[in-house]
Amino acid sequence: MPELPEVETIVRGLAGVLPGRVIREVHFPDSKLATGCLGCAEVLPGRSLAGVQRHGKYIRFLLDDGSSLVAHLRMTGKFVFTGPLAPQNPARHLRMVLVFTDGSLLSFMDMRRFGTIRHVSPGETPPELRDLGPDPLQKEMTLPRFRAILGKSRTAVKVLLLDQRRISGVGNIYACESLFRAGIDPRRPADSLTSDEGARLLRELRGILREAIRHNGTTISDFRSVDDKTGEFQYWLRVYDREGEPCRVCGERIERIRQAQRSTSFCPHCQV
DNA sequence: CTTAACGCCTGAAGGC
DNA sequence: TGCCTTCAGGCGTTAA
């Protein structure tokens, strides 16, 4: 389940290989994705890639005519770049392929077909990007702003961290892990956190996101970077997916509850 | 305005 | 062995 660090890993990989390449053909083996990518088959051939950006968990491919592709990996989406001389392995769950003029490929695979790719016209502001809150690594996310976001909601702090309109980029894994490191019970109403707890939570969020980026992200199920390598951060996780196992700090058993239809793992002793 | 629940999807895992 | 059910979860949509 790609979150900010996994998407950042992907984007850095893509930004290193895509700019300057010219699209020759577009293929959509999956009609559902083709429908969502309205006009892509007609508009993309002949365009070249100008850049790749991350917005929260979204990926934006900038094209030379000022238009762009906005993609979201959701749960199981992946982008894999294949150089012109690489062997062409038949890919499972292939949903889209961009063929470049030099014979290199950008493949989009997505087992569960939640992922989306959309073409955005020049000058159009995509609402899904416009409505995103700042991510914890952006300079706009100052401590006062973070505290203000917490203070405006009575929702459980864990659930608030997942609300992309207020804070972008954080998903289930890093929400659980940052709350553990900050020693905060995920069930606490966001507006009940003291200013010291707010400071701790933002510090831990930033630290864990940077650390995960350094390790090329977390591979829980099947995350892969652009060159099809797994991340390594899963070995650093302290509560996520560790229900029943002893807390690495106090030895208490890690508990798992459900909040807003998602699982939350936490240590009932360390997190108060 | 805010908050909560559902549906989309498919493969893995568990029960019997 | 094999069928059936449950689970995983990001986010758009719908409902309250």
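All chains are named by letter (A, B, ...) in the order of the sequence lines, taking the proteins before the strands, and each is independently numbered beginning at 1.
Nucleic acid contact class of Arg166(A) (heavy atoms, under 4.0 Å, all strands): sugar-phosphate only. Within 4.0 Å (heavy atoms only), Arg256(A) reaches sugar-phosphate atoms of the nucleic acid but no base atom. Using a 4.0 Å heavy-atom distance criterion, Ser153(A) is classed as a sugar-phosphate-only contact.
Fit an axis to the five pairs at each end of the helix from dT2(B)-dA16(C) to dC16(B)-dG2(C) and the two axes sit 50° apart, to the nearest 10 degrees.
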| message | Using the rule given for side chain to side chain contact (heavy atoms under 4.5 Å, CB included), can you reason through Lys158(A) versus Asn172(A), listing the C-alpha separation, both sets of side-chain angles and the distance that settles it, and then say yes or no? | response | CA-CA 8 Å; Lys158(A) 153 73 184 331; Asn172(A) 211 32; 2.8 Å; yes
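When the side chain to side chain contact (heavy atoms under 4.5 Å, CB included) test is applied to Gln271(A), the partners found at least two apart in sequence or on another chain are Leu179(A), Phe180(A), Pro186(A), Val239(A), Phe266(A), Cys267(A). With sequence neighbours excluded, the residues forming a salt bridge (Lys or Arg N to Asp or Glu O under 4.0 Å) with Asp64(A) are Arg47(A), listed by chain and number. The salt bridge (Lys or Arg N to Asp or Glu O under 4.0 Å) check on Glu204(A) picks up nothing, with sequence neighbours excluded. For Arg118(A), the salt bridge (Lys or Arg N to Asp or Glu O under 4.0 Å) test picks out Glu124(A), Glu128(A), with sequence neighbours left out.
Within the structure, the ring-ring contact (aromatic ring centres under 6.0 Å, His included) test picks out the following pairs touching residues 83-125 of chain A (sequence neighbours left out): Phe79(A)-Phe108(A). Screening residues 130-142 of chain A for side-chain hydrogen bond (donor to acceptor under 3.5 Å, both in side chains) gives Arg54(A)-Asp135(A) as the qualifying pairs, with residues at least two apart or on separate chains. Residue pairs satisfying the side-chain hydrogen bond (donor to acceptor under 3.5 Å, both in side chains) criterion with at least one member in residues 13-39 of chain A, sequence neighbours excluded, are listed as follows: Arg21(A)-Asp102(A), Arg21(A)-Ser104(A), Glu25(A)-His27(A), Asp30(A)-Arg113(A). Sorted pairs that involve residues 35-46 of chain A and meet salt bridge (charged side-chain N to carboxylate O under 4.0 Å, His left out), not counting sequence neighbours, are lacking altogether.
Distance CG (Asp163(A)) to P (dC11(C)): 10 Å, rounded to an integer number of Å. Between the CG atom of Leu160(A) and the C1' atom of dG10(C) there is a distance of 16 Å, rounded to whole Å. Between the P atom of dC11(C) and the CE atom of Met75(A) lies a distance of 10 Å, rounded to the nearest Å. Atom-to-atom, CD1 of Ile173(A) to P of dA8(C) comes out at 13 Å; the value is rounded to the nearest Å. In this structure, CD1 of Ile59(A) is placed 16 Å from C1' of dC11(C), rounded to the nearest angstrom.
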Could you write out each protein N or O paired with an N or O of nucleotides 12-15 of chain C at a distance under 3.5 Å?
from    : atom 1 : to       : atom 2 : distance (Å)
dG12(C) : OP1    : Tyr58(A) : OH     : 2.5

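A nucleotide of DNA chain B counts as in contact with chain A when one of its atoms lies under 4.0 Å from a heavy atom; the first and last such, 5' to 3', are dT3(B) to dG11(B).
Under a 4.5 Å side-chain heavy-atom cut-off, the cluster of Ile, Leu, Val, Met, Phe, Trp and Tyr residues that includes Val159(A) has no other member.
Contact of the Gln259(A) side chain with the Arg187(A) side chain is registered, since non-hydrogen atoms from C-beta on lie closer than 4.5 Å.
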